[in-house]
Structures are given as structure tokens and as C-alpha cells.
Amino acid sequence: MPELSLRDRALGAYLGVAVGDALGATVEFMTASEIKAEYGVHRHMTGGGWLRLKPGQVTDDTGMCMALAGAILQSDGWDLRTAADAFVAWMASCPVDIGNTCRRGIRRYMFDGTFGTQPREDQAGNGALMRNLPVVLSTLDDENAFIERSRAQAHITHSHALSDAAILATGRLTRLLLAGGSLGECRHVLDELIAGHPQFRFEPWPGRTSGYVVDTLQTVLHALFRTDSFEALVVEVVNRGGDADTTGAIAGQLGGALYGVAGIPKAWLKQLNPAISSAIRRQTEGLLALSSRSPTPVSSPKASSAAARGALFGSDLGNLPLPTTR
Ligand code: MG
Ligand code: MG
């Protein structure tokens, strides 16, 4: 694989969210056998689906990412109220869809101004995981800020230890891949995740593709290690059905960080709304600029040196409460 710059990988991750979302949304909530019967293998951005989308149209996964990125840029780093207000504004913009847990959390913030609830068993969906990339891109060399802001944005709608664990592990994988780390190195992050939360064991794949954050991450991780291109990865996960736009978005994030923007099929990029693509490009530049203010920015694939890898491996999954039932 040619050497990729951090910018190639970061833009790949963010555009990867959008193309994974747009491809998967067509088959969201279908089963794998229904997809097979209707499409053979679903690999073209045709739109449609239960939301009757235009080809290339994105959904809440990308929309919430962009809202959070806008808030981070607006606050020139981080302000939780600005992030929560951005979710309110996004919901008020009549998005094409919104998850129930996201809606409940945003409405709670609107009515009482609180930024979250005590951990709740019904908040283990994937809605906070799917939108966390902007936090990752703006905190590349600040592990503490990455952890604190990831949790803070998540808890506005999803206060659950398994959501937190999935978000931090996915963020750490993304950070590692952005720095030029290999899939083999990603195993260390996942060993740590599974040691703390064995529910996330993904080999063998349990075969579930619901919006439960554990099902979502297992599906993405299983495909990540058995494919060797962005296209193969995203096609693999969306054809498993279920919450396919969200598994597509998260696979797109990791695949984009691993394979870079040049790894994303051009036909898919062309189908995205140009306004969305250019906003993503602008936001990526702005988020990386915030990261580069850190004293030791992750600026090139050279960061995959042992020292930089050390900086990217955090240790702090341990403080989470541990509800183990869904
Ligand atoms: Mg969606
Ligand atoms: Mg979805």
C-alpha cells in the first residue's frame, strides 16, 4: 500500500462515514437473505430503502457527525453546550431520520438543560458511536481530551458503559489507523476491549446486526479483519443487513482511516451530494487543525513508530460501570 498522509486517512475516514451511510441506508432493516433476493450483492448507491432516499443521500449517521463537527469548530475546540445545541438544531432541521434514543436525549436537554442521565439499560444503542469521529479528529494527540469529550458528547443521548466502551475502542482504532498503524496492531486495542467487556468478542461472528452497540461493533470488526479493501469491507457489512447504514458508516470510518480517501470507490464519492462532500472536506481540515495545536501532533504515518503508538494506546477503559445485560 502506498504511504498515505494523515490528511488522506482523515478525509477517507470522514467521507467513509458518508458513503457507508449512503450505501447501507438502502438496505437498512432488511435481513441478509432479503438483500440477497432483491439485489444479489448490494454494491451500488441506488438510494431508495425505507426512507425513499435519493442515490447517495446520507442519513442521521452523517448528519449528526456533521452537527458535532460544526459545534467543535464553532467552539474552537470544545464546549459541551455548543455540542448539545448543535444536536437540537440538527433535530429541528427535520432530518430524514432520527433514532428514538437520540430524540429522547435531545428533547431532555431541550426541556431541562441536562447533559445526560445516570447510566440506563435502554441507552446501549449505536447512536452515539456513529457520530464520534469529529471528536477523534480534533483530539489526535490528546488522549485525555479524546476520552472526556467522547464520553461527554455520547452521554447527551446514550449513557451506557457498553456504548462508552465501543466509542473509546472505535476511536482508538481510528487514531491508530490514522497514524499508519496496521490491522495487526489494532488487535491490541480489541484485546483490551474484550478483556473488559467480553460481550464484544467478534470471532466467531454471532450474526446479529441490530442497532445494539455490541451487535454493531461485532459486525464491523469481524468484516474489518476478513477484507482487504475499503469497498470489500463496506459491501460486506451492509449486505449483512440490520442497521446497515450505521454498520456501513462505522466500517467506512475505519476503512477510510486504513485505506485512505483513494481507497473509496470513485463512483460512490461521485454520488454524494457535493454540498455534503465539500462540507466534510472543510470540516476535516478544521478538525485536524485543532489537533495540530497539541504539543506533539500526529502529523504523518511516521507516527506509527513505537513511541507514537504508545501515545495512541490509552488505558482507561477500566473506570466504566459494568452493566452486562442489554
Ligand atoms: Mg441512519
Ligand atoms: Mg441506522
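These numbers come from the heavy atoms of this one structure, side chains and all, not from hydrogens, waters or symmetry mates. Counting convention: from 1, in listed order, for ligands and their atoms alike. All values derive from a computational prediction rather than experimental measurement.
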Excluding Trp205, membership of its hydrophobic cluster (Ile, Leu, Val, Met, Phe, Trp, Tyr; side-chain heavy atoms within less than 4.5 Å) reads none

Practice problem: Determine yes or no for a side-chain-to-main-chain donor-acceptor pair under 3.5 angstrom, with Thr157 supplying the side chain and Thr101 the backbone. | Solution: no

Table please: side-chain donor-acceptor pairs of residues 36-55 below 3.5 Å, with sequence neighbours left out.
from  : atom 1 : to     : atom 2 : distance (Å)
His42 : NE2    : Leu23  : O      : 2.7
Arg43 : NH1    : Glu231 : OE2    : 3.3
Trp50 : NE1    : Glu28  : OE1    : 2.8

Can you give me every donor-acceptor pair (side chain of residues 87-97, partner residue at least two apart or in another chain, under 3.5 Å) with its distance?
from  : atom 1 : to    : atom 2 : distance (Å)
Ser93 : OG     : Trp90 : O      : 2.5
Asp97 : OD1    : Asp60 : N      : 3.0

Near the Mg ion (ligand 1), meaning under 2.8 Å, the protein N/O/S atoms are Thr59 OG1, Asp60 OD1, Asp61 OD1, Asp245 OD2

Checklist entry - Would you find a donor on one side and an acceptor on the other, under 3.5 Å apart, between the side chain of Arg131 and the backbone of Gln153? => result yes

Original post:
Step by step, would you call Ser163 with Gln123 a side-chain hydrogen bond (donor to acceptor under 3.5 Å, both in side chains)?
Top reply: CA-CA 8 Å; Ser163 168; Gln123 293 185 2; over 6 Å; no

